[in-house]
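What you see below is based on every heavy atom in this structure, not just the backbone, and it leaves out hydrogens, waters and symmetry mates.
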Amino acid sequence: MAEDRRRVDELRTQLGLIDRDILRSIERRARLAQELSGLRTGTARFAPLADGAYMAELERAVEQPLTAAAVRPIFNAIDGACRLFDVAPRVGFVGPEGGFGWMAARSYFGAGADLHRTDTSGHAIEEVGRSRIDFAVIPYESLQDGPIFPTIQAVAAADLKLVGEREMTQVLVLVNATGEMPGEVEKVYVSAQDHVAAVQYLESNHPRALVLDVRSPVMAWELASENQGSAAIVPRGSVGANDLRVARENIGDEGEVRMRYGVISRLPAPRSGSDATALLFSVSDRPGALHDILQHFKERDCNLRRIQSRPVRGEGWEYVFYVEVQNHITDRPLVAALEGVKRVTKTLKIIGSFPLEASEPAPPESTLDRR
């Protein structure tokens with residue numbers, strides 16, 4: 001037993017030394033990140049330095065006992081902490097403080113951003129259009145339902161640009177003081193939005209608890225910290241310190257929800273070297289119309305990442321198509337493809353080009369030192 005204790009102390013000492021080395025390395029990274037951000041222009045100045053291709057290369061380089069799945073959360077957090085702004089960008093998010101929209105905004109822009117709460121995606125889009133905020137981070141696509149067409153069409157109508165993406169796995173958890181599930185929970189604090197998402201869980205597991213709706217997950221956490229015998233429902237990883245612990249994982253009625261958030265700005269994003277471009281178009285009602293459009297992308301080797309269609313409200317059986325194609329809007333293959341597409345579409349709207357982030361392979365050349 002004494003030998004075990006000595007070994008534990010030795011290991012803790014070694015961990016402490018390694019962690020200090022990691023801290024010094026992160027500080028050096030932050031200084032380099034500041035210099036690099038100062039050399040960037042436009043919207044790229046505020047974009048993550050660790051983009052999709054960069055992350056993919058790190059995921060390939062990871063060795064045991066770590067796994068590739070651990071890389072992206074670790075380096076998203078490090079990248080966010082290292083981006084320190086001379087003038088913080090004003091960023092709108094949808095929903096309450098500490099909610100999933102707030103998490104997506106902080107994950108993309110880092111803790112130094114000046115975050116502004118909005119009630120809806122439409123409100124956030126309007127705030128960007130009126131120059132009251134610089135960016136909006138809004139729900140853009142869910143794995144279950146696909147692209148959110150009303151949001152995409154609102155961005156297009158406001159003549160704003162999609163300049164970034166951030167994929168989130170959204171999970172609700174129950175937290176309390178002990179991290180253990182007691183026989184009875186007297187009170188459960190939860191934001192109205194999260195309450196709706198966990199109704200079945202509450203009815204099945206805490207039928208006698210007093211469920212109190214509060215303004216935000218941040219407030220739910222604070223109130224549960226102050227009241228003995230109470231708990232809070234909050235997004236996993238959003239808020240809190242050491243005073244509350246996770247007692248029950250993944251309690252949302254729909255389980256884990258995969259959501260892609262779009263980053264919206266008035267200004268377009270410059271080329272990053274690994275980009276995609278989002279488009280909206282409609283076609284004439286004739287045989288082969290869609291085939292003729294897609295043929296232009298094929299001839300120029302422009303890979304389609306997504307294609308979805310929705311009926312146009314009030315227009316009979318007319319449809320609008322949403323497409324994401326690899327390449328930046330200024331890349332020659334896409335420029336040439338779109339010249340042909342313009343001639344055979346009824347309407348065409350460029351939503352914006354943005355650096356790839358989620359589940360995209362890195363190009364064969366090294367990207368770790370790319371500006």
- Item | Between R28 and S25: side-chain donor-acceptor atoms closer than 3.5 Å | yes

- List in chain and number order the residues that pass salt bridge (Lys or Arg N to Asp or Glu O under 4.0 Å) with R332, two or more places apart in sequence or in another chain; answer none if no residue qualifies. none

- Nearest heavy-atom approach of S353 to H328 is CB-CD2, 3.4 Å

- Item | Selection residues 190-200 - residue pairs positive for side chain to side chain donor-acceptor pair (under 3.5 Å), sequence neighbours left out | S191-D194, H195-D213

- Task: Mind running side-chain hydrogen bond (donor to acceptor under 3.5 Å, both in side chains) on S282 and T347 for me, showing each step along the way?
- Result: CA-CA 5 Å; S282 60; T347 62; 2.6 Å; yes

- With sequence neighbours excluded, tell me which residues meet salt bridge (Lys or Arg N to Asp or Glu O under 4.0 Å) with R310. none

- Query: Between A88 and D114, which heavy-atom pair has the shortest distance, and what is it?
  - Reply: CB-N, 4.1 Å

- Task: Name all residues meeting the ring-ring contact (aromatic ring centres under 6.0 Å, His included) criterion together with F46; count only those two or more places apart in sequence or in a different chain, and write none if there are none.
- Result: F85, F135

- salt bridge (Lys or Arg N to Asp or Glu O under 4.0 Å) pairs touching residues 87-111, sequence neighbours excluded, are R90-D134

- Query: When rounded to the nearest 0.5 angstrom, what distance separates SG in C302 from CG in D331?
  - Reply: 8.5 Å

- Item | Nearest heavy atoms of V263 and E165, plus distance in Å | CG2-N, 4.2 Å

- State the CG-CG distance between L202 and L174, to the nearest 0.5 angstrom. 8.0 Å

- Which heavy atom of S265 sits nearest a heavy atom of T43, and at what distance? OG-CG2, 3.6 Å

- Note on the structure: Residues pairing under side chain to side chain donor-acceptor pair (under 3.5 Å) where one sits in residues 225-236, two or more places apart or in two chains, turn out to be Y189-N227, S225-D243, R236-E249

- Message: Check for me, please, whether M219 and L244 land in the same ILVMFWY cluster - side-chain distances under 4.5 Å, paths through other members count.
- Response: no

- Task: Verify side chain to side chain contact (heavy atoms under 4.5 Å, CB included) between M168 and Y261, making sure each step is shown before the conclusion.
- Result: CA-CA 8 Å; M168 301 279 293; Y261 287 81; 3.8 Å; yes

- Query: Yes or no on salt bridge (charged side-chain N to carboxylate O under 4.0 Å, His left out) for R271 and D275, after CA distance, side-chain angles and deciding distance?
  - Reply: CA-CA 7 Å; R271 293 178 73 252; D275 302 285; 5.2 Å; no

- Query: Please walk me through it: do E357 and R72 pass side chain to side chain contact (heavy atoms under 4.5 Å, CB included)?
  - Reply: CA-CA 10 Å; E357 183 217 32; R72 198 173 293 262; 4.0 Å; yes

- Note on the structure: The complete set of salt bridge (Lys or Arg N to Asp or Glu O under 4.0 Å) pairs with one or both residues in residues 319-328, sequence neighbours excluded, reads R260-E324, R305-E324, R306-E324

- Message: If I take atom OG1 from residue T345 and atom CG from residue L279, how far apart are they, to the nearest 0.5 angstrom?
- Response: 9.5 Å

- Item | Which residues share a salt bridge (Lys or Arg N to Asp or Glu O under 4.0 Å) with R5, sequence neighbours left out | none

- Note on the structure: Separation between CD1 (I133) and NE2 (H116), nearest 0.5 Å, reads 7.5 Å

- Query: CG of L280 to CD of Q308: how many Å apart, nearest 0.5 Å?
  - Reply: 12.0 Å

- Task: Taking all heavy atoms of L36 and all of L49, pick out the closest pair and write down the distance.
- Result: CD2-CD2, 3.9 Å

- Task: Could you grab the distance from atom NE2 of H291 to atom NE2 of H296, nearest 0.5 Å is fine?
- Result: 10.5 Å

- Is the shortest distance from a Lys or Arg side-chain nitrogen in E127 or R130 to a carboxylate oxygen in the other one below 4.0 Å? no

- R45 with D86: basic N within carboxylate O range, under 4.0 Å: yes

- Sorted by chain and number, sequence neighbours left out, ring-ring contact (aromatic ring centres under 6.0 Å, His included) with Y201 holds for H206

- side chain to side chain contact (heavy atoms under 4.5 Å, CB included) between V128 and R266, intermediate numbers included: CA-CA 7 Å; V128 176; R266 294 183 303 280; 3.9 Å; yes

- What about V234 and V214, same hydrophobic cluster or not, with Ile/Leu/Val/Met/Phe/Trp/Tyr joined at side-chain heavy-atom distances under 4.5 Å? no

- Query: What residue pairs, at least two apart or across chains, pass salt bridge (Lys or Arg N to Asp or Glu O under 4.0 Å) with a residue in residues 142-163?
  - Reply: D159-K349

- How would you list, by chain and number, every residue that makes a salt bridge (Lys or Arg N to Asp or Glu O under 4.0 Å) with E254, sequence neighbours excluded? none

- Carboxylate-amine/guanidinium contact R6 E10, below 4.0 Å: no

- Message: Suppose the criterion is ring pair (Phe, Tyr, Trp, His ring centres under 6.0 Å): which pairs have a residue in residues 263-289, not counting sequence neighbours?
- Response: F281-F321

- Treat each ILVMFWY residue as a node, draw an edge where side-chain heavy atoms are under 4.5 Å apart, and state whether F100 and V196 are in one component. no

- Note on the structure: Paired with E27, the salt bridge (charged side-chain N to carboxylate O under 4.0 Å, His left out) test is passed by just one of R24, R31, R29, namely R24

- Decide yes or no on side chain to side chain contact (heavy atoms under 4.5 Å, CB included) for T277 and N327, but give the supporting numbers first. CA-CA 6 Å; T277 297; N327 288 313; 5.6 Å; no

- Kindly work out whether a path of hydrophobic side-chain contacts (I/L/V/M/F/W/Y, heavy atoms less than 4.5 Å apart) joins L172 to L212. no

- Message: Would a single hydrophobic cluster contain both L32 and I26, if residues Ile, Leu, Val, Met, Phe, Trp and Tyr are joined by side-chain heavy-atom contacts under 4.5 Å?
- Response: no

